[in-house]
Structure formats: structure tokens, C-alpha cells
Number of protein chains: 2
Amino acid sequence: MVTYCPAMVDTDQVFRALADPSRRFLLDLLFQRSGRTLGELERELDMTRFGVMKHLRVLENAGLVVTRRSGREKLHFLNAVPIREIHNRWIDKYTAHQVSALLDLKSSLESKTWSAKKRA
Amino acid sequence: MVTYCPAMVDTDQVFRALADPSRRFLLDLLFQRSGRTLGELERELDMTRFGVMKHLRVLENAGLVVTRRSGREKLHFLNAVPIREIHNRWIDKYTAHQVSALLDLKSSLESKTWSAKKRA
DNA sequence: ACAATAGGTGACCATTTAGTCACATGTCAA
DNA sequence: TTGACATGTGACTAAATGGTCACCTATTGT
């Protein structure tokens with residue numbers, strides 16, 4: 001019998017977890033480098049350890065973060081599956097191409113602006 | 001000068017807009033068929049007109065819904081661009097394949113369960 | 001054993017948020 | 001122009017949320 005699967009998530013918990021900027025920043029940190037401890041993450045936020053712990057639990061309950069204990073440390077990893085499910089909910093194959101093209105255009109414009117700034 | 005672009009969105013507003021189940025349901029309705037009026041959407045939710053209106057404004061401010069007036073009616077359309085940006089934030093090209101494969105597996109298992117149920 | 005370190009719990013407070021209502025504006029058609 | 005219809009505003013209440021703190025447990029190295 002399967003005891004855990006990264007694709008098993010509660011939709012509502014996922015969206016509520018993503019609603020907070022601190023939690024999104026935690027996901028950014030784990031996207032950058034997974035397998036961090038609570039203390040390590042705490043140092044990056046302007047908040048007490050308890051606040052960070054609370055946020056991490058919300059993320060874990062939502063399935064956006066999975067954890068593994070190692071001695072007295074708890075390692076946190078990013079799980080991207082719920083993110084992909086959000087995408088699949090409101091973007092079908094037909095509109096996906098248009099949207100991607102628009103965003104590519106946008107980022108290309110932004111990089112031009114950026115290099116213009118850099119030169120200035 | 002550009003006065004409007006579907007790719008111009010405030011990240012925080014997008015995530016907070018998606019945090020409510022009623023608002024996600026409104027997006028589902030507009031994903032199914034875009035260009036609906038307030039009254040039309042109101043009939044689908046178990047909520048007063050005012051509540052629905054408030055939710056639609058949140059979605060509009062987030063850029064997830066764009067509107068067009070037509071006489072005394074206001075038509076609402078889904079804008080998928082912010083959704084795609086969420087995806088791009090935490091899923092890179094390398095993990096995208098793994099995640100997609102996992103979700104394909106999941107949906108194939110679910111459809112098997114479903115047809116088994118149907119036969120029973 | 002001991003102190004230092006890493007993580008955890010429950011209660012608490014300030015702020016935000018969902019939903020409703022009385023009331024107001026603008027548009028259509030007879 | 002009159003009445004019906006579609007949408008909009010500001011104030012209000014009840015519930016949820018973010019963040020902190022005093023206090024607690026478990027693991028490590030000496």
C-alpha cells in the first residue's frame with residue numbers, strides 16, 4: 001500500500017498556503033536550494049523562529065513542502081506538484097501557447113529595459 | 001503608450017485573490033465560458049449579489065479577470081497570464097518533465113478507478 | 001551528567017477578511 | 001417619464017490569520 005505520494009494534495013490548503021508573502025519567500029528559498037533546516041530558513045526572514053515554524057507547517061500541510069528528520073534537525077524540501085496542478089486547472093493546451101508567447105515577449109522587453117538601465 | 005496589458009499584474013494580489021474558494025469557483029465558471037455578467041454569475045453561487053461583486057472586484061484588481069461594459073451590463077473574462085507566472089516561479093524546465101509525468105500517471109490511475117466504478 | 005543546540009506546543013493579541021444590508025447610480029423599454 | 005433592471009458604495013459584524021511569547025522535549029558533544 002502507498003503511504004505517501006507527492007501528488008496527493010488538498011487544493012484549498014495549497015491556495016491558502018500560497019496567499020502569504022513570507023511563505024512564498026520560503027518556497028523561493030527552497031526552490032533555490034532544497035533540504036534546509038528551520039534555523040537556516042529563520043535567518044533569512046525578519047521574524048521569530050515561531051513564526052517561521054508556523055509558516056513551514058502550513059506549507060507542509062499543503063504538500064508544498066516535504067520534510068525529513070535527521071537527528072535533531074528537520075530538513076525541508078520543495079514539492080512542485082501542487083503548483084503544476086494550479087496551472088492545469090485554468091490553462092488548456094490551446095491558450096497555453098498564447099500565454100507563453102505573451103510572457104516571452106514581456107520578459108524580452110524587460111531584459112532590454114534592464115540592459116538599457118545597466119548601460120546608463 | 002500602452003494603457004493595458006494582460007501581463008501586468010501584482011503578484012501579491014494574485015495569490016490573495018486565489019486564496020478564496022468562491023473566487024476560484026468564479027474562475028472555473030469563466031474558464032468554462034467567458035463573458036458572463038454579474039447577475040449570471042450570482043445565480044451559480046450561494047451568496048448575495050454583494051458578496052459576488054466583492055469577489056469579482058478582487059479578481060479584477062488581481063488581473064485574473066478583465067471586464068468590458070456593454071450598456072448596463074458588465075461582462076467578465078478570464079485572464080490566464082497570472083496563472084502561468086505562478087507556474088514559472090517554482091517550476092524550471094528540468095523538474096517540469098518529472099512533475100508532468102507524475103501527474104499523468106496520477107490521472108491515468110484515476111481514470112482507471114473511475115471506469116472500474118462505472119462498470120460496477 | 002551537563003550545557004548547548006534544534007525543534008515543538010498552546011495561549012494570546014492585532015489585523016485582515018468574508019459576507020450582509022440599507023441605500024445610491026445608471027440604463028433600458030414601454 | 002416612469003418603472004424595472006443591472007450594477008455600485010460605505011458601514012458593519014463574525015470569523016480567520018499572522019506574529020509573538022512563556023514554556024517544553026529531544027539530540028548532540030564534552
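Below, chains carry the letters A, B, ... as their sequence lines are ordered, and counting in each starts from 1. Predicted, not measured: the structure shown is a model, and the values here were computed from it.
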In whole angstrom, what separates [X]'s [atom1] from [N]'s [atom2]?
| X | N | atom1 | atom2 | value |
| --- | --- | --- | --- | --- |
| A/Glu60 | C/dG7 | CD | C1' | 12 Å |
| A/Arg16 | C/dT17 | CZ | P | 14 Å |
| A/Phe15 | C/dT17 | CZ | C1' | 18 Å |
| B/Leu26 | C/dG19 | CG | C1' | 14 Å |
| B/Glu73 | D/dC5 | CD | C1' | 10 Å |
| B/Arg24 | C/dA18 | CZ | C1' | 14 Å |
| A/Leu59 | D/dT17 | CG | C1' | 14 Å |
| B/Gln13 | C/dT16 | CD | C1' | 15 Å |

At under 4.0 Å, does any side-chain N or O of [X] touch on OP1 or OP2 of [N]?
| X | N | result |
| --- | --- | --- |
| B/His55 | C/dG19 | yes |
| B/Arg69 | D/dT7 | no |
| A/Arg57 | C/dG8 | no |

Whether over 12 other heavy atoms sit under 6.0 Å from B/Arg57 CZ: no

Closest to side chain of B/Lys54, choosing from D/dA11, C/dG7, D/dG18: D/dA11

Nearest-neighbour nucleotide for the B/Asp20 side chain, D/dT9, C/dG19, D/dT17 considered: C/dG19

Side-chain donor-acceptor contact under 3.5 Å, A/Thr37 with A/Glu73: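 Side chains of A/Thr37 and A/Glu73: no pair found under 3.5 Å.
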
Side-chain donor or acceptor of B/His97 paired with backbone N/O of B/Lys93 under 3.5 Å: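 Yes, the answer is positive, given that a donor and an acceptor are paired below the 3.5 Å cut-off.
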
Pairwise side-chain contact, A/Leu45 with A/Leu29, heavy-atom cut-off 4.5 Å (strictly under): yes

Side chains of A/Glu85 and B/Leu103 in contact at under 4.5 Å (non-hydrogen atoms):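 Counting from C-beta outward, A/Glu85 and B/Leu103 do come under 4.5 Å.
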
Position toward the 5' end of DNA chain D (nearest nucleotide), A/Val52 or B/Lys74: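 First, find each residue's nearest nucleotide; the 5'-ward one identifies B/Lys74.
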
5'-most by nearest nucleotide on DNA chain D - B/Leu75 or A/Arg23: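 Per heavy-atom nearest nucleotide, the more 5' residue is B/Leu75.
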
Point-to-point distance, once rounded to the nearest 0.5 Å, from CZ of A/Phe25 to CE of A/Met47: 10.0 Å

Any residue of residues 29-51 of chain B with a heavy atom less than 4.0 Å from an atom of DNA chain D: B/Thr37, B/Leu38, B/Gly39, B/Arg49, B/Phe50

Under 3.5 Å donor-acceptor pair, A/Arg72 side-chain atoms to C/dT5 base atoms: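 Between C/dT5 and A/Arg72, which were checked side chain against base, a qualifying N/O pair under 3.5 Å is present.
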
Minimum-distance pair of heavy atoms, taken over all atoms of A/Arg84 and B/Val99: CB-CG1, 3.4 Å

